[in-house]
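Below is one structure; the comments refer to it alone.
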Amino acid sequence: MINPQHLRDNTEALKQSLLTKGVDAGEFDNYVALDQKWRAVTQETEVLQQERNASIPKGKPSPEEQTKLAELSKSVKAKQAELQVVAEELKTKAMEIPNAPLPDVPVGKDESENKVIREVGTPRKFDFEPKSHEVLAEELGWLDMERATKISGSRFALFMGAGAKLERVLTQFMLDKHTTEHGYTEVQAAALVQSSALEGTGQLPKFADDLYRMEGLDLWLSPTAEVQLTNLYQGEILEGPSLPLRYVAHAPCFRKEAGSYGKDMKGIIRNHQFDKVELVQFVRPEDSSAGLEKLLGHAEAILQALELPYRVVELCTGDLGFSAAKTYDLEVWFPSQNAYREISSCSNFLDFQARRAMIRYKEEGKVSGYVHTLNGSGLAVGRTFAALLENSQTDTGNINHPRALVPYLGQENAIV
RNA sequence: GGAGAGUUGGCAGAGUGGUCGAAUGCGGUGGUCUUGAAAACCAUUGAGGCUUCACGGUUUCCAGAGGUUCGAAUCCUCUACUCUCCGCCA
């Protein structure tokens with residue numbers, strides 16, 4: 001949620017900033033007007049309440065006093081009802097306004113204007129035609145996309161045998177690295193979450209169409225463990241000295257992928273369900289910028305350890321997600337597509353999510369304000385699986401696993 | 001799934017429809033004392049909103065949402081959660 005104080009003090013600057021993110025000018029003006037109306041009605045309500053409170057005598061009121069109080073009470077209630085309507089309208093509106101980008105984010109309208117920050121590792125030169133991950137995996141018997149369709153329909157994976165093991169091992173490798181080297185606490189959370197949690201991180205109310213919902217229940221399949229992890233502290237006041245708090249979770253992620261018909265239909269790049277290792281941090285506001293760079297480094301460390309070539313891209317204003325103020329995507333090289341594809345997204349949300357989820361912190365016994373939240377994939381496991389296959393394939397259709405996985409796969413399995 | 005009990009400030013725990021934002025204890029903060037610390041003693045200590053340059057003013061909040069009443073932490077209804085017992089179960 002946008003800081004309402006900031007909205008009032010810097011209305012025009014905020015508007016300009018949000019316009020670069022694609023917010024409609026009329027919608028914004030509407031929001032500002034609603035905020036003004038709400039403040040006015042709040043004032044009116046308080047005046048009436050004050051009048052009523054001042055008229056309440058000590059002890060039991062006399063009949064005349066009761067009559068007077070009844071009148072006052074009636075007018076207060078009428079005003080309160082009016083206020084409630086306005087407040088709900090405002091709340092609805094406020095929940096639909098996205099976060100403003102940080103000033104240093106490049107302005108642009110869509111992903112074509114994203115900025116490549118650096119490329120790490122060199123895409124391998126093949127002396128044969130590299131196969132796509134889905135072809136490799138089907139040939140090796142590691143993936144069975146056809147039978148997956150029988151069970152669950154399109155866009156679902158079925159990992160088999162050594163493929164299933166590799167998927168599991170990748171997850172474990174990532175978790176181990178983040179917990180032992182990067183200082184994250186491992187969390188295993190439920191995949192089903194309530195709407196309040198999704199509102200906290202920003203998936204709701206606007207993006208309900210992308211989510212699976214349990215019939216007749218206020219339970220949804222979480223699209224990312226960012227939801228579970230960030231809402232760990234929903235409604236809490238954290239101790240300043242305990243910050244930053246870092247959590248990592250491995251969780252299945254569920255997305256309808258509405259509107260992506262025909263995109264990435266082969267393989268496991270874009271499935272309705274996929275596993276992801278997610279990093280979330282709660283930090284003091286002054287630490288969030290540096291924190292994002294560190295978190296990005298933690299995600300990069302996985303790619304480096306797996307010897308995968310990748311690049312870091314900073315999203316332009318128009319491509320930023322709803323809640324994010326700044327985002328770096330990590331894109332890994334896919335030889336079969338001759339392209340870099342997103343494998344991680346690391347964002348700074350400032351106090352946007354904390355404000356929605358009511359996550360504050362205190363310093364020396366006093367509430368200091370909202371924390372800043374950061375998150376990033378570290379990494380999407382399915383895409384890592386696919387990238388690993390494509391980049392490590394041999395001309396005989398086998399896979400050379402990176403050295404980092406030897407302790408997990410065993411020496412004899414390291415080179416297949 | 002059935003039966004019962006509960007949910008109050010950071011924690012524990014009072015609270016009979018008006019004098020309750022709420023006793024008391026612990027904890028926190030500041031101070032006195034002390035070479036220093038502990039102990040003891042004194043003071044202070046919930047959160048949000050609106051308003052104000054500021055001091056301050058004001059309002060709301062006793063799980064959540066409704067209701068009764070001139071007036072609700074206290075009465076009623078629903079929901080969520082916790083605990084105990086029974087049943088079922090990986």
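The model shown is predicted, which means the values in this text are computed figures rather than measured ones. Letters A, B, ... mirror the listed sequences (proteins, then strands); counts begin at 1.
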Criterion side chain to side chain donor-acceptor pair (under 3.5 Å) on H250(A) and D275(A), from CA distance to verdict: CA-CA 7 Å; H250(A) 161 236; D275(A) 278 26; 2.6 Å; yes
Using purine N1 to pyrimidine N3 plus N6-O4 or O6-N4 for Watson-Crick, or N1-O2 and O6-N3 for G-U wobble, each under 3.5 Å, what pairs with [N]?
N: C78(B); value: G64(B)
N: U35(B); value: none
N: A3(B); value: U84(B)
N: G21(B); value: none

Roughly how far apart, to the nearest Å, are [N] and [M] at atom [atom1]?
N: C89(B); M: G4(B); atom1: C1'; result: 23 Å
N: A63(B); M: U59(B); atom1: C1'; result: 22 Å
N: A23(B); M: A12(B); atom1: C1'; result: 14 Å
N: A5(B); M: G57(B); atom1: C1'; result: 44 Å
N: G46(B); M: A22(B); atom1: P; result: 10 Å
N: U19(B); M: C86(B); atom1: C1'; result: 47 Å

Whole angstroms only, please: what is the [atom1]-[atom2] distance between [X] and [N]?
X: D9(A); N: U51(B); atom1: CG; atom2: P; result: 10 Å
X: Q66(A); N: C70(B); atom1: CD; atom2: P; result: 7 Å
X: W38(A); N: G48(B); atom1: CH2; atom2: P; result: 14 Å
X: Q194(A); N: U79(B); atom1: CD; atom2: P; result: 16 Å
X: I56(A); N: C20(B); atom1: CD1; atom2: P; result: 13 Å
X: R8(A); N: U51(B); atom1: CZ; atom2: C1'; result: 11 Å
X: N53(A); N: G57(B); atom1: CG; atom2: P; result: 16 Å

Can you list every pair that meets side chain to side chain donor-acceptor pair (under 3.5 Å) and has a residue in [range], with sequence neighbours left out?
range: residues 95-108 of chain A; value: D104(A)-K326(A)
range: residues 182-191 of chain A; value: H178(A)-H182(A), Y184(A)-Q281(A), Y184(A)-H298(A)
range: residues 233-246 of chain A; value: N231(A)-Q234(A), Y233(A)-Y247(A)
range: residues 380-392 of chain A; value: H133(A)-E390(A), S336(A)-E390(A)

Close residues, residues 74-85 of chain A, relative to RNA chain B [heavy-atom separation under 4.0 Å]: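 Of all residues in residues 74-85 of chain A, the ones placing a heavy atom under 4.0 Å from RNA chain B are K77(A), Q84(A).
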Summary of salt bridge (charged side-chain N to carboxylate O under 4.0 Å, His left out) pairs that have at least one residue in residues 70-91 of chain A, sequence neighbours excluded: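 Applying salt bridge (charged side-chain N to carboxylate O under 4.0 Å, His left out) to every pair that reaches into residues 70-91 of chain A, excluding sequence neighbours, yields E44(A)-K79(A), K79(A)-E82(A).
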Side-chain donor/acceptor of H272(A) to backbone N/O of R255(A), under 3.5 Å: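 Yes: the side chain of H272(A) pairs with the backbone of R255(A).
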Touch class at under 4.0 angstrom, heavy-atom based, for V367(A) against every strand present: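 If one applies the 4.0 Å heavy-atom cut-off, V367(A) turns out to touch the sugar-phosphate alone, with no base involved.
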